[in-house]
Amino acid sequence: MDTMDSIPGDFAVSLKARPSSKNNANLPSLIERINLERGGFQNITEESLRQEIADAELENEDGDDDASSDEDEEEPDRMKELMTSRDEILGQIEKAHQSAMFALDFVSLLLSKDTPVQASLSISPFLRELVGMGTLGADKLYAPRMTDAQKQDNKQVAKGWKSQSVDKTVDSILASASRLEKEIELETKYWQQVLAVSDSGWSVCRLPKERHTLGVRFGFSEASPAFKNRSLAALRRNPDGTISLDQGIASSEPRTLRVRIRIGNNQTGASASPQPVAEDAPIEALILQARNTIFSEELWQEMNREARTLGSYGVQSRDDTLICPLTSTKTAVFDLVPLGESTLSGPDDNMAEGVFISLNLLLTYAHRQNLRRRTQPPPPISAQKKVILPYNLLRAVLTRLKHQETVGQLNNLLGPLCHVMESAQLKPLPTFKVTSTPGTPPAQLPQAEQTILSLVDRLETIATFSMSESTTITIAARTSSFPVGSTFFVSLPPSSPLMSVCPPPQVLTSYPALRDYIHYFTACAVATSIATIPSSSEIDEADIESQAGQWHQTPHPTTLRTVLLTSTAGSKIPKTKQLSISVQPLTSRKKSGIRLRAYWEWNGKEQQEVTVIDERKSSFGFPVLLEDVQMSPKEDSKNLRRGLGEGVYDWVAWEKESGKLWDDGEGEVFRTLESVLADAGK
Amino acid sequence: MHELFLSTQVANEDLQRALRILQGYCGMKPVTFLRRRLIWEGPRMRNGLKGIDAGFLKRQSQPIWRSLHEQLIRQSYIITLLYDVKREQFGEGEKAGVQDGDEGQKEEDPVIDCDQLLGILRWTDLPDPAGGRPVNSRLLVNIENERGLCTLLKSMNHRLTQEMIQECHRFVLGNVVFDFSRYLQLPPSDTEPVSSIRSKLPAYESLVPFDAENKWVLTASALVFNGSVPDHMQKGIDELMTVKTDFEGCFDFQALDRHIFDTRVKI
């Protein structure tokens with residue numbers, strides 16, 4: 001079309017281009033257009049024109065009001081326009097053809113005089129018949145007015161045009177060469193960056209929708225399908241040659257999971273939140289950030305899915321956060337936050353960070369399990385639907401924390417017991433040991449999976465408590481995931497004398513039940529160790545003197561009896577005394593403690609007027625308030641009217657405020673059990 | 001249970017490339033295993049077939065034995081027993097012999113007794129006639145993790161006719177299992193009589209490919225629990241057809257002539 005531009009406007013051109021600008025107000029062209037449009041001026045009157053203008057204005061107003069029908073009408077108008085233009089072009093071509101045929105006929109007729117053979121080939125039969133061959137002649141009348149100068153001029157002009165065109169060609173070639181060079185430079189840069197991405201381990205592939213564009217796969221192959229679909233990002237070339245990551249419609253701001261620990265309403269710890277990568281950072285950093293974001297989003301989704309099944313453990317979903325009680329005091333709050341949010345730090349930061357890391361690891365482990373499941377030969381196609389259970393993320397964390405809590409509980413149970421008995425100088429001294437060994441997972445699993453399994457599965461703690469060599473009780477505590485909780489299996493060696501006295505229940509499902517049993521067991525053991533005469537033998541009336549001062553066992557395992565020689569004159573009835581041993585937990589405001597109590601009283605008719613101390617204190621299972629303990633020595637003399645020869649003695653151990661060491665109460669020095677027994681026996 | 005399957009061949013030179021292609025398609029590394037295939041021929045009788053011993057049937061709790069028994073009563077078949085073996089077990093007899101000299105004490109050669117091992121009993125029927133289905137389809141009974149299968153088959157008057165080693169690479173995608181298999185023959189043994197179950201396996205290198213051209217057979221298969229449910233069968237067929245079109249130009253999966261897989265005993 002360049003040649004068209006160089007042809008001056010007054011050259012006759014057969015094909016007329018469709019008039020594009022409506023501003024061309026030449027009269028001839030206007031007349032022509034009107035002729036074409038309306039087929040002449042015959043049917044046009046002023047009135048009809050004014051009417052048309054009015055109609056057109058109305059249409060425009062309507063057009064503004066409903067744009068949608070306008071759009072619909074645009075389409076048919078386009079079609080109509082196309083059809084009319086097509087018709088016009090065809091008409092023009094027809095005209096051009098006709099003009100060309102006329103010209104051919106004319107020239108043939110002209111030539112028919114001089115070269116009839118050649119002319120007869122090209123003349124149309126119609127003209128030949130109408131006019132006849134050789135009926136037109138042409139002759140030179142004057143010499144051509146083309147002077148040499150003009151000819152030279154034309155030649156120069158022709159040369160000028162040629163050189164202009166050549167220059168233009170050269171310029172355009174140079175321009176395209178330099179553009180190509182720049183393109184190559186940019187492409188090289190792009191490909192270098194793509195190679196760098198691929199070399200750093202990311203998987204680069206073609207985009208399925210745009211096959212000529214490369215993309216990088218930054219997601220996880222074992223993620224759920226919703227996340228797999230979003231795990232492909234296009235690597236696009238910027239105008240300046242740098243590479244950019246285009247995540248398409250799925251792009252979102254980078255986010256991460258945040259774990260906050262709360263005690264009551266106060267926040268005591270939070271997990272660290274990384275800073276977002278800058279816009280102009282290397283592409284690998286952006287890809288890594290995208291991967292971390294999609295991982296966090298998947299983790300968030302799976303946690304929410306799991307939380308719906310954990311309602312019985314106090315897990316709630318509120319306002320875009322998940323609230324999960326971790327221990328009796330601490331609660332974790334989870335939410336998905338954009339990167340870079342600063343959080344306050346506190347003493348429980350490590351715990352929050354630990355929970356965050358373990359949730360991430362557990363999701364990766366769940367991915368591994370997905371891989372294992374899908375690479376095994378599938379079951380045959382049947383009506384059974386495949387149900388995908390939620391992953392065990394929070395559940396595993398809760399199980400682990402429960403296990404740790406159980407270990408702590410066992411330590412807190414047995415430690416103070418030993419301490420209390422130490423303060424009573426019980427011989428031999430009791431000992432305890434708590435060991436927790438991780439289970440061994442199947443060896444054919446990879447190391448990483450074995451590690452996770454050993455932290456979460458088959459958690460067992462074994463505690464042994466030895467009162468003496470022959471009485472060792474073993475407590476096996478197993479923490480399970482379904483449901484989350486600890487079960488205690490208590491066993492005594494069958495040869496132990498206590499087996500008949502207080503046989504352990506096989507299975508205990510709650511810690512309070514275990515604690516109660518262990519306290520009862522301890523009291524029985526202490527009582528048994530004091531007693532020198534078994535309960536089976538009767539009190540021999542005749543041999544009272546030799547048996548005096550010694551304690552007999554009674555059918556009630558924690559109660560002992562002794563016979564005393566009377567000192568009052570006249571009464572030959574021997575008096576019997578009863579001694580009860582009990583072990584109970586104590587709680588007071590914030591401290592907890594344990595108490596070993598020895599309580600002795602007369603047994604028999606003549607002591608009936610003495611009221612017995614509140615029975616509930618000697619039955620096991622009721623924690624007693626500090627106030628009660630402090631009151632009893634005072635009450636001794638006033639309210640309870642304990643008779644001579646009766647009394648109670650407590651050995652107490654309290655948990656220190658730091659919660660770590662157990663200590664005697666208020667620096668008191670306790671009497672030994674022997675001296676107390678001696679008192680009791682008087 | 002019905003097995004729907006398509007087969008194609010892959011030359012030995014192309015094996016590595018084929019494995020890589022399938023690794024990308026299925027998104028997993030192949031699971032490679034070696035299996036001993038013991039091929040037992042049923043009694044050469046047309047009538048009076050006894051099937052499985054009644055006493056044995058009563059002791060079995062799984063109904064699958066009964067369905068096998070029903071098939072074996074009406075027709076004598078070739079049954080295959082499969083035992084997984086490890087690469088290290090090949091040539092163990094020879095290796096133990098070499099080490100003996102130093103110790104001065106004769107060690108027990110590791111003897112493989114198939115009855116003690118867990119094996120798989122596999123019975124397949126002649127595939128159904130082509131009909132409208134673009135895939136091969138046949139009834140299949142697969143009993144896994146059983147001991148004493150050799151004794152059982154002997155008691156059913158089956159004879160061991162052949163033993164070969166199957167080398168297999170397996171991929172799984174959805175409901176379709178891809179198996180690259182090659183069958184290797186054991187060389188004739190000096191120490192053990194013919195047609196008895198070998199107690200020692202010769203060195204792996206001495207095995208000869210069954211097929212002269214050393215080709216691998218690639219099978220894409222899907223199992224359907226109940227072949228009479230048309231929806232399930234159609235689902236399996238659709239998955240296999242998707243595999244076929246996906247691999248057009250790469251592997252040519254075909255439904256072969258059913259008589260290639262004929263397991264009926266010819267009398």
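Lettering follows sequence order; numbering is per chain, from 1.
- Applying the 6.0 Å contact sphere to OH of B:Y25 captures more than 12 heavy atoms from other residues, nucleotides or ligands.
- Within residues 195-210 of chain A, no residue has a heavy atom under 4.5 Å from a heavy atom of chain B.
- Between chain A and the options B:V176, B:N175, B:V177, heavy-atom pairs under 4.5 Å are most frequent for B:N175.
- Annotation for B:K235: atom NZ does not count as buried by contact number, only 12 or fewer foreign heavy atoms lying within 6.0 Å.
- The CZ atom of A:R372 lies 11.5 Å from the CE atom of B:M28; values are rounded to the nearest 0.5 Å.
- A:P378 approaches B:G174 most closely through the heavy-atom pair CG-O, 3.5 Å.
- Contacts of residues 380-391 of chain A with chain B at a heavy-atom distance below 4.5 Å involve A:P380, A:I381, A:S382, A:A383, A:K386, listed in sequence order.
- Contact annotation for B:V229: neither backbone nor side-chain heavy atoms come within less than 4.5 Å of a heavy atom of chain A.
- With a 6.0 Å radius and a threshold of 12 heavy atoms from other residues, nucleotides or ligands, B:F225 has its CZ atom at or below the threshold.
- Contact between B:C26 and A:R374 at its shortest, heavy atoms only, is O-NH1, 2.9 Å.
- Residues of residues 213-235 of chain A placed with any heavy atom under 4.5 Å of a heavy atom in chain B are absent; none qualify.
- Sorted by first then second residue, the salt bridge (charged side-chain N to carboxylate O under 4.0 Å, His left out) pairs that include residues 116-128 of chain B, not counting sequence neighbours, are B:E3-B:R122, B:R74-B:D125, B:D128-B:R133.
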